[in-house]
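One is the number of the first residue; the rest follow in order along the sequence.
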Amino acid sequence: ALGLPTGSETDGLGEGNTSFSQLVFLDKAVGNWGAGVNLGVGTTLWGNDEAHFEYGLGLSYSFIRGVRFGEVAPARPEQKWVIAPSVEFVGERGVSGARLGEDAASIVPGVTLWHTRSGWQLRFAVELPAFGEKEADLGLVFQIGNHLNWGALFGGKAR
């Protein structure tokens, strides 16, 4: 993850830090429901000198037609677009620097648009502080991702 500075602390838009985090995601889907856990460590590249431990829990629902609870949803559904609303709880604990020992958490509601034929996903979300020292009054999240068929990438069968 790369956090880019907004640089307007007086307007509630962040402290002007640029940060980098290495994250690990674990998730499980049952039918159209998905749950996930993420863990990571991050550091400030430019700005306040600090490092943190990050954690999160998420829940989402993918509107894939024809999938019943308990079934495995297809990796590439027949429909062209899939919409998936989600909500996450994300927190962090300062492990060095200016925020050593401080805890902060946010609630992150969002929506993902998945173009199933290309695999590309766009996610839009809003980060709302829940408790602790907040870097901003409101965070806007924009993510780009892709569902890759790793087998096809490395010479295996394409599905």
Side-chain angles (χ1 to χ4, degrees), residues 1-65 67 69-70 73 75 77 79-116 118-148:
L2 182 62
L4 299 176
T6 57
S8 180
E9 188 174 7
T10 56
D11 291 334
L13 297 174
E15 297 175 344
N17 295 329
T18 300
S19 62
F20 177 77
S21 299
Q22 178 64 51
L23 302 166
V24 175
F25 297 96
L26 304 169
D27 59 31
K28 174 69 176 167
V30 178
N32 286 342
W33 288 97
V37 175
N38 59 3
L39 302 170
V41 292
T43 188
T44 303
L45 300 174
W46 295 281
N48 297 339
D49 184 25
E50 56 191 44
H52 63 273
F53 171 71
E54 208 170 305
Y55 53 91
L57 297 168
L59 183 65
S60 67
Y61 185 86
S62 298
F63 286 94
I64 300 173
R65 292 189 284 265
V67 178
F69 188 78
Q79 68 205 69
K80 188 174 182 179
W81 290 94
V82 172
I83 297 172
S86 63
V87 64
E88 291 180 78
F89 172 83
V90 292
E92 74 179 41
R93 178 163 183 85
V95 294
S96 74
R99 292 198 175 144
L100 177 63
E102 290 183 6
D103 290 305
S106 299
I107 303 294
V108 187
V111 65
T112 300
L113 304 172
W114 174 27
H115 185 258
T116 60
S118 68
W120 285 103
Q121 297 179 5
L122 298 175
R123 179 171 181 251
F124 304 94
V126 177
E127 185 173 357
L128 306 167
F131 65 81
E133 181 70 26
K134 58 185 178 182
E135 183 175 323
D137 293 335
L138 174 75
L140 300 176
V141 179
F142 176 68
Q143 294 174 313
I144 300 172
N146 194 297
H147 271 218
L148 298 174

Please report the shortest heavy-atom distance between [X] and [Y], naming the atom on each side.
X	Y	value
Ile64	Ala73	CD1-CB, 4.0 Å
Val108	Ala125	CG1-CB, 3.7 Å
Phe63	Val82	N-CG1, 4.0 Å
Ala1	Leu23	CB-CD1, 3.9 Å

Any chance CD of Glu102 has more than 12 other-residue heavy atoms, nucleotides or ligands included, within less than 6.0 Å? yes
Verify the neighbour count for atom CG of Leu128: are there more than 12 heavy atoms of other residues, nucleotides or ligands below 6.0 Å? yes
Do His52 and Glu50 have side-chain atoms, one donor and one acceptor, less than 3.5 Å apart?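 The answer is no; no qualifying pair exists.
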Do Gln121 and Thr112 have side-chain N/O donor and acceptor atoms under 3.5 Å apart? no
Kindly say whether [Y] contributes a backbone atom to a donor-acceptor pair with the side chain of [X] at under 3.5 angstrom?
X	Y	result
Gln79	Arg65	yes
Ser86	Leu59	no
Arg93	Gly101	yes
Asn32	Tyr61	no

Could you measure the distance from the [atom1] atom of [X] to the [atom2] atom of [Y]? Nearest 0.5 Å is fine.
X	Y	atom1	atom2	value
Phe142	Phe124	CZ	CZ	5.0 Å
Ser21	Glu92	OG	CD	7.5 Å
Leu39	Phe25	CG	CZ	9.5 Å

Hey, mind stepping through Val141 and Val126 against side chain to side chain contact (heavy atoms under 4.5 Å, CB included) and telling me if it holds? CA-CA 6 Å; Val141 179; Val126 177; over 6 Å; no
Between Asn38 and Val24, is a side chain to side chain contact (heavy atoms under 4.5 Å, CB included) present by the stated rule, with each step listed? CA-CA 6 Å; Asn38 59 3; Val24 175; over 6 Å; no
Look at the rings of Phe131 and Phe89 and say which category their plane angle falls in: under 30° parallel, 30 to 60° tilted, over 60° perpendicular.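 Answer is tilted, since the angle falls between 30° and 60°.
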Below 4.5 Å, heavy atoms only, C-beta onward: do Trp114 and Ser62 meet side chain to side chain? no
